[in-house]
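Inspection log for the structure reproduced underneath, given as C-alpha cells.
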2 protein chains.
Amino acid sequence: MDMDEMIERSQAVCDALSDDDDGLKREVLTHAGNRWSLGIVHTLGVGGRLRHAAIARRMEGVTQRMLTRSLRQLERDGLVLRHDYVEKSPRVEYELSDLGKRLLAQMIPLWLWVVDNADQFRQARMAFDNAQDNARP
Amino acid sequence: MDMDEMIERSQAVCDALSDDDDGLKREVLTHAGNRWSLGIVHTLGVGGRLRHAAIARRMEGVTQRMLTRSLRQLERDGLVLRHDYVEKSPRVEYELSDLGKRLLAQMIPLWLWVVDNADQFRQARMAFDNAQDNARP
DNA sequence: CAGTATCCTTGCGGATACTG
DNA sequence: CAGTATCCGCAAGGATACTG
C-alpha cells in the first residue's frame, strides 16, 4: 500500500465515521497518550500475567494511585483483564486481553519507528529552538 | 512477523533505550494524544499545503489559539513545515514534512484498526460500566 | 497487598479581546 | 490574515496517609 492509496483509504474511512466513532478513535488515542498506559500494555505483553506490585516494580516511577487508575482505564477499554482471587490476603492479577494483545501488536511497529527516527526528531527540535533563540534575543 | 517475535524485538529495543530515547518516544506519543495534532496531520496529508485559515475551516471546532499552538508543536517536532511569504498582508502556509508524511503513514493503519474494532471497545466499556453499577448500587 | 481518600500543582484546552 | 495576550475551568498526574 503506497502513501496516496493509504491517504485515500483513510479519507474514505474518516468521512464515513459517525460522531461516535470519531469520538471513540480520539479517546483511544488520547488514552494511548497517557503517561503510563502504553508502558503497562508493554509490560504485560512482555511479562504475561502479573500482580499489581509486580507491575509497579517493573515500571520505575509509577505511583500506586496512577497504576490503579491506569489499570482501571485499560480494563474499561477492554485491553486488560483483571483476575481477583478473592482471598483474605489480597491477590489480584492482570493480563492483556486479546484486544490488548492486538493493540500492542499495532503499537510496537510505531514505537520502533519513533526510536528509529529519534535523531530526526531531535535534530528538528534543535533547529527549531535555535531559530527561536535567534528571532528573540 | 508474529506476536512473540514482535514482542521480543520491542523488548530488545526498549532495553537498549537511553533515558533520552525513552523520553522522546513518550513525548511523541503524548503529542499524538493531544486534541488536535493528529487531526491536523491528517488534514495536511489529505489537503497538501494549506493556509492557517484553510486548516481551521476543515477542522470544525478548533480555536485560533489551539491551532497555532498545535502547529508550533508539530513544527518543533519536525512533522510540519511552515512557509512564511513575508508579505504585508500575512500569508503563511503549512505542509507535512517528509517525517510528518511518514508518521501519518504509521498512524493510518492504527486508525483503521481502531475503527475496525470500535464495536469491541464499546462492548467492553458497556460490560465494565454495568459491572460497576452492580457492584455499587 | 491492593487499593481509597485527600490535597496539591501543573498544563491542556477554551473564550475573548487585541495587533501588525 | 495570522497571529499574541489574558483569563479561566477542569482534569491529569503526583505526594502522602490511611484501610480491609
Side-chain angles (χ1 to χ4, degrees), chain A residues 22-23 26-40 43-44 47 49-77 80-95 128 131-132 135-136, chain B residues 22-23 26-40 43-44 47 49-77 80-95 128 131-132 135-136:
Chain A
D22 195 56
R26 237 203 7 248
E27 203 172 338
V28 170
L29 294 169
T30 299
H31 293 171
N34 283 348
R35 182 76 215 266
W36 302 106
S37 302
L38 289 179
I40 294 172
T43 299
L44 290 177
R49 191 195 265 229
L50 296 173
R51 303 183 63 167
H52 184 107
I55 302 174
R57 241 174 287 120
R58 290 167 188 236
M59 304 219 12
E60 193 168 12
V62 71
T63 59
Q64 270 192 345
R65 180 177 125 82
M66 289 317 293
L67 182 53
T68 300
R69 235 220 256 183
S70 304
L71 283 168
R72 283 278 184 288
Q73 186 66 256
L74 291 168
E75 192 195 353
R76 183 162 189 255
D77 287 344
V80 159
L81 301 174
R82 180 175 183 276
H83 305 282
D84 187 347
Y85 302 74
V86 189
E87 301 174 357
K88 248 183 30 194
S89 53
R91 174 180 185 78
V92 181
E93 292 178 350
Y94 297 91
E95 67 176 341
F128 182 89
Q132 291 297 41
R136 302 159 199 222
Chain B
D22 196 57
R26 236 201 11 246
E27 202 171 339
V28 170
L29 293 169
T30 300
H31 292 171
N34 282 349
R35 183 77 216 266
W36 303 106
S37 302
L38 288 180
I40 294 172
T43 299
L44 290 176
R49 191 196 267 228
L50 295 173
R51 303 184 63 167
H52 184 106
I55 302 173
R57 241 173 288 121
R58 290 167 189 235
M59 304 219 13
E60 196 167 10
V62 69
T63 59
Q64 271 193 346
R65 181 176 124 83
M66 290 316 293
L67 181 53
T68 300
R69 234 220 254 185
S70 305
L71 282 168
R72 283 278 184 287
Q73 187 65 259
L74 291 168
E75 192 194 352
R76 183 164 188 252
D77 287 344
V80 158
L81 302 174
R82 180 176 183 275
H83 305 282
D84 187 348
Y85 301 74
V86 190
E87 300 174 357
K88 245 180 36 192
S89 52
R91 174 182 185 77
V92 181
E93 291 178 351
Y94 297 90
E95 66 176 342
F128 181 90
Q132 291 295 42
R136 302 159 198 221

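Proteins come first, then strands; the chains are lettered A, B, ... in the order of their sequence lines, and each starts at number 1.
Here the shortest heavy-atom pairing between A:S70 and A:I40 reads CB-CD1, 3.5 Å.
Rounded to whole angstrom, the span from the NE2 atom of B:H31 across to the P atom of C:dG13 amounts to 10 Å. Between the NE2 atom of B:H83 and the P atom of D:dG3 there is a distance of 13 Å, given to the nearest Å. As rounded to whole Å, 12 Å separates atom C1' of C:dC1 from atom CZ of A:R82. Taking atom CG of B:N34 as the reference point, atom P of C:dT10 lies 19 Å away to the nearest angstrom. In this structure, CD of B:Q73 is placed 12 Å from C1' of C:dG11, rounded to the nearest angstrom.
Contacts of A:E93 classified as salt bridge (Lys or Arg N to Asp or Glu O under 4.0 Å), with partners at least two apart in sequence or in another chain: A:R49, A:R91. Annotation: side chain to side chain contact (heavy atoms under 4.5 Å, CB included) contacts of B:L81 (sequence neighbours excluded): B:H83, B:E95, B:S97.
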Quick tally for nucleotides 14-20 of chain C: nucleotides whose base has a protein heavy atom under 4.0 Å get B, sugar-phosphate-only ones S, the rest -, giving BB----B
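Within residues 49-59 of chain B, no residue has any heavy atom closer than 4.0 Å to DNA chain C.
Between B:Y94 and D:dC1 there is no side-chain polar atom (N or O) within less than 4.0 angstrom of OP1 or OP2. Considering only side-chain N and O atoms, A:Y85 lies nowhere under 4.0 angstrom from the phosphate OP1 or OP2 of C:dA2.
Each salt bridge (charged side-chain N to carboxylate O under 4.0 Å, His left out) pair with one or both residues in residues 50-71 of chain B, not counting sequence neighbours, would appear here, but there are none.
Atom CZ of residue A:R72 and atom OG1 of residue A:T68 lie 6.5 Å apart, to the nearest 0.5 angstrom.
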A correct dot-bracket answer for DNA chain C, with pairs being Watson-Crick or G-U at under 3.5 Å, [ ] for crossing pairs and | for inter-strand pairs, is ||||||||||||||||||||
